[in-house]
Amino acid sequence: MQYRPTEIEPKWQQRWAEARVAEIDVAAPGQKLYMLNMFPYPSGDLHVGHGRNYILGDAVYRYFRMQGRVALNPMGWDAFGLPAENAAIKKQTHPRVWTLGNIERMKRQFGRWGILYDWSKEIASCEPEYYKWNQWLFLQLYKRGLAYRGTAPVNWCPQDQTVLANEQVVDGRCERCGALVEQRELSQWFFKITDYADRLDAGLDTLEHWPEKVKLMQRNWIGRSRGADVDFDVPSLGKPIRVFTTRPDTIFGATFMVLAPENPDVAALIADHPDRAAIEEWITGVRNQSALERQEAGKEGRFTGKTAVNPFTGEEIPIWLGNFVLPQYGTGALMAVPAHDERDFEFAKQYGLPVRSVIALTSGEQPELPFTAKDESGVAMGSGPIDGLPVPKAIDRIIEIIEERGIGRGIVRYRLRDWLISRQRYWGTPIPMIYCEKCGLVPVPEEQLPVTLPLDVPFTGREGNPLGKHDAFVNVACPQCGAAARRETDTMDTFVDSSWYFLRFVTPRDDQKIFDAELVNRWLPVDQYIGGVEHAILHLLYARFITRTLHDMGLLSFEEPFARLFNQGMITKEGYKDARGAWVSPSEVELRDGKPYRGDEELTAEITKMSKSRLNVVPPDELIARFGADTERVYTLFIAPPEKEAAWSDEGVVGAFRFLGRVWNMFDRLQDQATPDVVRKMHQTIDAVTTRIERFEFNTAISALMEFSNVLGDAPSREAYEALLKLLHPFAPHMTEELWAMLGNEEFLLTSRWPVADRALMQEDTVTIAVQVNGKLRGQVEVAAPAEEAKVFEAIGANEKIQNWLAGKELVKRIYVPGKLVNIVVK
RNA sequence: GCGAAAGUGGCGGAAUUGGCAGACGCGCUGGACUUAGGAUCCAGUGGCCCAAAGCCGUGUGGGUUCGAGUCCCACCUUUCGCACCA
């Protein structure tokens with residue numbers, strides 16, 4: 001009987017669904033396990049690259065099920081967001097219709113991959129039952145001063161007609177559409193994540209099972225810096241200007257000061273400047289530049305004509321304005337120490353400002369300038385009270401002095417800025433606030449939630465948010481005084497939706513509260529979180545932040561939502577470009593001598609991320625129709641280590657298919673007796689596959705199964721075959737279920753118990769031991785396994801020469817490894 | 001520029017604590033079965049060599065060690081992240 005996956009797979013998918021195998025009662029006893037794949041944005045069709053993420057999660061889920069864990073494995077939809085709105089404008093449909101249609105398609109695709117989710121817990125963030133709690137959360141944060149309205153220079157995307165978070169601006173362009181981002185002053189809603197900067201930074205140390213890379217990216221993003229705020233007197237201003245520095249030890253080398261053009265003191269400083277108009281014009285020019293343009297312009301500055309007093313040298317130093325000083329970091333003013341800071345050095349050279357070195361090398365020599373090392377390699381000099389101290393100590397000491405003199409203080413600052421959550425867009429959670437002329441800002445009372453997003457709005461793609469044109473939505477009575485008032489029309493950043501969804505999965509239908517605290521504290525943190533590295537900073541940082549705010553409200557007993565994090569790599573494939581750089585469909589491409597052609601035109605091949613525009617996506621449907629979902633699953637996991645990027649190969653798929661076909665064909669020739677070799681290999685394989693799944697080494701877990709099947713030949717024992725089916729189940733669930741049933745089992749293989757390796761049976765009968773002395777082979781002996789030390793020595797003792805060498809020498813290493821040539825090394 | 005990770009056959013990749021380099025798979029070569037093969041099965045497959053013996057082989061150059069893909073130093077290359085954060 002031939003292996004025909006297309007006949008087997010739909011049958012088992014249906015049986016699992018009918019038996020609701022993945023649905024669990026969160027109140028039931030048992031050892032819990034919370035598995036979670038990041039919930040996707042429902043963009044439509046899934047390709048094999050997306051599949052990797054979910055297949056991987058499903059394999060782990062099935063493994064833990066077979067280990068007897070009560071496993072929660074839910075799925076939902078990050079269903080608000082810009083693409084739905086853009087599609088609505090383009091196709092004249094409603095974002096909701098477009099979104100729900102995509103959800104249905106993706107759900108079917110998950111089914112065809114054989115992926116088991118607990119669909120009774122499905123959530124979609126665009127539904128009022130869900131976003132009601134977004135609004136509730138907003139109100140709690142507002143109550144605690146963690147949500148506030150502020151005016152800020154914001155990134156405005158002229159193409160999408162919306163404000164973008166700093167994180168959504170990449171190289172000065174809109175992350176989504178690529179348009180150049182403009183700076184605008186607007187009143188916006190923020191979440192005060194900066195209040196949690198220190199805890200978000202410190203908490204990273206507790207995340208033992210997160211990739212180092214992700215922790216580092218978060219750490220850099222938070223950008224913790226220890227330093228000092230120091231006041232420099234400015235006689236002409238009648239008040240000091242405060243600067244922030246991480247190198248207060250270099251203050252004796254501060255030869256000028258630079259302010260950001262946006263600094264509020266600038267106006268007073270240049271008020272009586274003879275060229276005031278020219279300077280103001282320059283400031284306006286700089287302020288209108290995007291961050292990218294500013295940087296590309298190089299370092300530019302203007303002298304204000306005023307001076308400040310260096311509090312340590314007593315010198316008057318010039319105050320400059322500089323385009324490289326960031327207004328939002330520190331105090332928007334800095335003391336420039338050109339000798340020990342590259343940027344200050346560059347600026348000083350450009351404008352001929354003095355450079356004074358105040359750090360010597362520990363060796364006593366003078367370093368080449370600028371010398372910026374912040375470690376023990378430098379020693380303070382020409383710096384009065386801190387002379388001779390190594391840099392780290394000098395920093396501590398000078399901060400003490402600054403504090404004693406009352407001219408500043410040691411301080412920790414962060415790069416992290418508050419989270420701008422306002423979006424001038426329709427398809428998102430309405431922010432539950434009302435503007436009343438009498439009462440001002442009034443929160444919508446909790447009992448009036450949800451503020452429902454109206455569905456009957458026009459989509460023109462022009463003039464901002466369509467919500468603003470919906471009179472019934474906008475015009476409301478003030479909840480406090482009853483007078484006519486206006487509703488907030490901004491919606492929330494979709495990262496708000498995803499900052500707490502993992503808490504909702506435990507009790508997704510609760511309409512009285514955001515979640516059941518007792519159950520959530522039992523099920524969370526998530527044991528295993530799986531998703532792309534593209535969420536390394538934003539999503540994960542926001543989720544960690546919101547979790548802490550809920551912790552501080554007394555609702556959660558934990559501060560870190562995800563105990564273990566795994567980032568899978570992308571799947572790439574070659575795409576073909578013609579001479580003009582346009583992507584060419586693979587169906588038009590012909591390979592000759594390994595080079596791609598379209599007719600006579602030679603094309604270039606490029607390995608890239610799969611995407612529709614590059615015409616290099618592999619749709620799973622064709623693949624499944626030809627080889628089955630099990631083959632796709634096995635190939636996807638076998639292709640490379642799961643955290644690595646991997647290139648899809650259509651030929652490679654065949655190997656996985658052949659392997660499954662061989663396992664299938666064994667069924668007809670089962671035997672009762674197993675040879676000792678097979679028994680040993682079985683236990684070795686059980687051990688190998690188990691540890692490799694635990695370590696997310698699926699590629700080698702599968703190669704171990706291939707080896708096992710090679711040892712089994714075409715006539716395995718029934719016992720070994722059953723073990724193979726179990727070990728293979730997480731990777732090829734349909735075929736193994738079918739064979740398991742054919743063996744006469746009534747229960748699902750999924751609900752059977754994972755096999756346990758017997759270590760004693762894993763051992764080889766004998767071990768070959770080679771004895772080497774000073775690198776030269778002195779003989780080999782065979783001893784029984786498990787090798788006992790006494791037997792090894794006895795065996796060695798049998799060799800006269802070795803015995804002599806051994807006398808009076810130290811045995812430095814003994815290795816007993818089954819099946820391996822082992823050296824005894826003697827010094 | 002700063003930070004991080006990685007360099008192993010034609011390709012994807014294996015190799016607990018330093019211990020038979022190249023597992024497993026693709027591809028390729030030969031064979032079997034076939035009207036046919038882009039199906040299936042069997043054998044071979046790092047390089048040099050007709051073959052054997054042997055020698056050479058994990059980015060480059062040094063070092064430690066009886067022994068190095070693995071550890072140390074310097075360098076080269078690639079990928080990713082951040083990008084004037086004082």
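Protein chains get the first letters and strands the later ones, always in sequence-line order, with residue 1 at the start of each.
Surrounding CZ of R626(A) are at most 12 heavy atoms belonging to other residues, nucleotides or ligands under 6.0 Å away. Crowding of R759(A) atom CZ: a count of heavy atoms from other residues, nucleotides or ligands under 6.0 Å not exceeding 12.
As a whole-Å value, the separation of L540(A) CG from rG81(B) P is 16 Å. rA83(B) atom C1' lies 12 Å from atom CD1 of I537(A), rounded to whole Å. Nucleotide rA15(B) holds its P atom 11 Å from the CD atom of E707(A), rounded to whole Å. Distance, L541(A) CG to rC82(B) C1': 15 Å, rounded to whole Å. Look at CG on L705(A): it is 13 Å from P on rC24(B), rounded to the nearest Å. N699(A) has its CG atom 8 Å from the C1' atom of rA14(B), to the nearest Å. In this structure, E643(A) atom CD and rU79(B) atom C1' are separated by 15 Å, rounded to whole Å. If you measure from atom CG of L416(A) to atom P of rC82(B), you get 15 Å, rounded to the nearest angstrom.
Ranked by how close their nearest RNA chain B nucleotide is to the 5' end, R294(A) and R695(A) are led by R695(A). Residue I702(A) is the one, among E296(A) and I702(A), whose nearest nucleotide of RNA chain B lies closer to the 5' end (criterion: closest heavy atom).
On the C1' atoms, rG27(B) is 39 Å away from rC72(B), given to the nearest whole Å. For the C1' atoms, the distance from rA21(B) to rA15(B) is 7 Å, rounded to whole Å. Taking the P atom of each, rU65(B) and rU70(B) are spaced 16 Å apart, rounded to whole Å. Comparing the C1' positions of rG22(B) and rC84(B) gives an interatomic distance of 48 Å, to the nearest angstrom. Distance noted for atom P between rA23(B) and rA43(B): 15 Å (whole Å). Taking atom P on both nucleotides, rG1(B) is separated from rG10(B) by 33 Å, rounded to a whole Å. Nucleotides rC33(B) and rU16(B) are separated by 44 Å at their P atoms, to the nearest Å. When the P atom is used for both rC80(B) and rA36(B), the distance is 50 Å, rounded to whole Å.
Residue Y635(A) places no side-chain N or O under 4.0 Å from the OP1 or OP2 atom of rG25(B).
Ring-plane geometry between H535(A) and H539(A) is classed as perpendicular, the angle between the planes exceeding 60 degrees on a 0 to 90 degree scale with a lower cut at 30. Below 30°, between 30° and 60°, or above 60°: for F347(A) and W320(A) the angle between ring planes is above 60°, a perpendicular geometry.
Using a 4.0 Å heavy-atom criterion, one finds that N710(A) contacts the sugar-phosphate atoms exclusively. Across all strands, Q295(A) comes closer than 4.0 Å to base atoms (heavy-atom distances).
Listed in residue order, the members of residues 257-266 of chain A having a heavy atom less than 4.0 Å from RNA chain B come to none. Residues from residues 655-663 of chain A lying near RNA chain B, meaning a heavy-atom separation below 4.0 Å, are G655(A), R658(A), R662(A) in numerical order.
Nearest nucleotide to the M706(A) side chain, out of rC24(B), rG13(B), rU16(B): rC24(B). Closest to the side chain of D341(A), from the set rA14(B), rA86(B), rG27(B), is rA86(B). For L326(A), counting side-chain heavy atoms from C-beta on, the closest listed nucleotide (rC24(B), rA86(B), rG81(B)) is rA86(B). Checking rA86(B), rC26(B), rC24(B) against the side-chain heavy atoms of Y329(A) singles out rA86(B) as nearest. Distances from the side chain of S225(A) to the nucleotides rC84(B), rA14(B), rA86(B) place rA86(B) closest.
Anti is the classification of rG63(B), since its glycosidic angle lies more than 90° from 0.
Salt-bridge formation is not detected for the pair E300(A)/R294(A): no Lys NZ or Arg NE/NH1/NH2 atom is positioned less than 4.0 Å from an Asp or Glu carboxylate oxygen. Taking the charged nitrogens against the carboxylate oxygens, R226(A) and D396(A) do have a contact shorter than 4.0 Å, which makes a salt bridge.
Looking at RNA chain B, the stems built from 3 or more consecutive Watson-Crick or G-U wobble pairs, each pair with its key distances under 3.5 Å, are B:1-7 with B:76-82, B:10-12 with B:24-26, B:27-32 with B:40-45, B:46-48 with B:54-56, B:59-63 with B:71-75.
Between the side chains of W210(A) and Q218(A), not a single donor N or O lies within less than 3.5 Å of an accepting N or O. For the 3.5 Å distance criterion, the side chains of S383(A) and D249(A) fail to qualify, holding no donor opposite an acceptor.
For the residue pair L321(A) and V266(A), the shortest heavy atom distance occurs at CD2-CG2, 3.7 Å.
The one candidate from K213(A), M570(A), Q568(A) that meets the side chain to side chain contact (heavy atoms under 4.5 Å, CB included) condition with V533(A) is K213(A).
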Distance-only criterion, 3.5 Å: show the donor-acceptor pairs between side-chain atoms of residues 328-337 of chain A and protein atoms not counting sequence neighbours.
from, atom 1, to, atom 2, distance (Å)
T331(A), OG1, R242(A), O, 2.7
T331(A), OG1, A333(A), N, 3.4
T331(A), OG1, A333(A), O, 3.3

| message | How would you summarise protein contacts on nucleotides 2-12 of chain B per nucleotide, using B for base, S for sugar-phosphate only and - for none, with heavy-atom distances below 4.0 Å? | response | -SS-------B
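The ring-ring contact (aromatic ring centres under 6.0 Å, His included) check on F232(A) picks up nothing, with sequence neighbours excluded.
R633(A) places a side-chain N or O within 3.5 Å of a backbone atom of P730(A) that can act as its donor or acceptor partner. Between the side chain of D229(A) and the main chain of R409(A), no donor-acceptor pair closer than 3.5 Å is present.
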| request: Start with the C-alpha distance between E643(A) and R695(A), add both sets of side-chain angles, then the distance that settles salt bridge (charged side-chain N to carboxylate O under 4.0 Å, His left out), and finish with yes or no. | output: CA-CA 11 Å; E643(A) 68 279 6; R695(A) 291 188 206 157; over 6 Å; no
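Between Y3(A) and F657(A), the ring centre distance stays below 6.0 Å.
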